[in-house]
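Just so you know, these numbers come straight off a predicted model, no measurement behind them. To find a chain, count down the sequence lines: A is the first, B the second, and so on, and within it residues start at 1. Values below: every heavy atom of this structure, side chains too, minus hydrogens, waters and symmetry copies.
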There are 2 protein chains.
Amino acid sequence: MELKAFQDYLNSQRLKFTRPRRLIFKEIFSSKKIHPNAYEIHRRLKRKGQKVSLASIYRTLSLLVRCGLVSEIDFGENHSHYEPDVVKVAHGHLVCLSCGEVKEFSHERILTILSKIGKESHFMTDKFSIQVFGYCANCQKK
Amino acid sequence: MELKAFQDYLNSQRLKFTRPRRLIFKEIFSSKKIHPNAYEIHRRLKRKGQKVSLASIYRTLSLLVRCGLVSEIDFGENHSHYEPDVVKVAHGHLVCLSCGEVKEFSHERILTILSKIGKESHFMTDKFSIQVFGYCANCQKK
DNA sequence: TTTAATGCAAACATTTTGCACCCTG
DNA sequence: CAGGGTGCAAAATGTTTGCATTAAA
């Protein structure tokens, strides 16, 4: 699984598999539907009685993004959210502007089109970010 | 044109068409390919000898976003960029991760697909945000 | 002349960094 | 036990806000 990939990366770079890194990794990969931000990870760990500094959380997140195991996403707020990059089709997010609910969707066809667009502009495309903002069924009733 | 729409909106809300608002509006709408951030607008106005405070720029930008004349976009940095919402097909951005160049693209088909996806999830979709990150032709050579 | 808008500086929120101490390998 | 990692607090960055003053309408 992905933990092995993380450890392999750390070894290859002569970096260490420390307690904070283990906890942060576990927190992100065990709650795949959450898209937490740094503060949320901090809060969840604290609630479980695990003290890890916010600084370490930011440092570990950027490490995980750097080695390709985690993606940084933006939901139009003034901070970033993070999600594990598990082996699955790339996807976008439906974000409710009222309650903040986030629902994932994937659509092979969109990626095909985006890749083609990149090619036409001679861009070497690396990653895509697709967000759809609107109002979920629940919030429309109100 | 769009200036009229802005003035109409201000009138309808009993807001005033002030010097800073006029300058900021003009700056955004006269440089449509720039996607400036707040600080960039500030810098450009200053260079032209026009002093407008950053606070007013932020206030006016949020006003323009609120009335639908300007869109806020995120290029994966820690600040927002802005672009005028002229009457044209919605579009996405190709962003070069090396030099920061931004190229727009539009593709009717993507919007059709995204609208359909929203409908399937009973989302009332409001707006889309599509960014493709990669490396432009120039930066690939290096 | 009334009411909203501005500029300034201080407050905020998020993220990064310097440094003394700690711990993994 | 050497070198990277941590926590803390301070700094940096981007954005918002309170307030006295200015200026549209």
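For the pair B/H42 NE2 and C/dC8 P, the interatomic distance rounds to 8 Å; values are reported in whole Å. Straight-line distance from the CD atom of A/Q13 to the P atom of D/dG4: 12 Å, rounded to whole Å. Rounded to whole angstrom, the span from the CG atom of A/L61 across to the P atom of C/dT14 amounts to 14 Å. Note: CD1 (B/I57) to C1' (D/dT16) measures 14 Å, nearest angstrom. Protein atom CZ of B/R66 is 11 Å distant from nucleotide atom P of D/dT16, rounded to whole Å. Rounded to an integer number of Å, the gap from B/R22 CZ to D/dA23 P is 13 Å. When rounded to the nearest whole Å, the span between CG of A/L10 and C1' of D/dT6 equals 15 Å. Atoms CG (B/L63) and P (D/dT15) sit 17 Å apart, rounded to a whole Å.
Regarding contacts with the backbone of D/dC8, every side-chain N or O of A/S53 stays at 4.0 angstrom or more from both OP1 and OP2. For the OP1/OP2 pair of D/dG5 and a distance below 4.0 Å, the side-chain nitrogens and oxygens of A/R21 include at least one atom meeting the criterion.
Using modelled atom types, one side-chain atom of A/H42 and one backbone atom of A/V52 make a donor-acceptor pair closer than 3.5 Å.
Using a 4.5 Å cut-off between side-chain heavy atoms of Ile, Leu, Val, Met, Phe, Trp and Tyr, B/V95 falls into a hydrophobic cluster with A/M124, B/I73, B/F75, B/L97, B/V102, B/F133, B/Y135.
Note on ring orientation: taking the six-membered ring where Trp is involved, the planes of A/F25 and A/F29 are parallel (angle under 30°, cut-offs 30° and 60°).
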query: If the sugar-phosphate is the primed atoms plus P, OP1 and OP2 and the base is the rest, what is the B/S/- string for nucleotides 15-25 of chain C, using protein heavy atoms under 4.0 Å?
result: BBBB-----BS
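Residue pairs that meet the side-chain hydrogen bond (donor to acceptor under 3.5 Å, both in side chains) test with at least one member in residues 110-120 of chain B, sequence neighbours left out, do not exist here.
Counting heavy-atom neighbours within 6.0 Å of B/H79 NE2, excluding the residue itself, gives a total above 12.
Residues B/R44 and B/I34 have side chains in contact (heavy-atom distance under 4.5 Å, counting atoms from C-beta outward).
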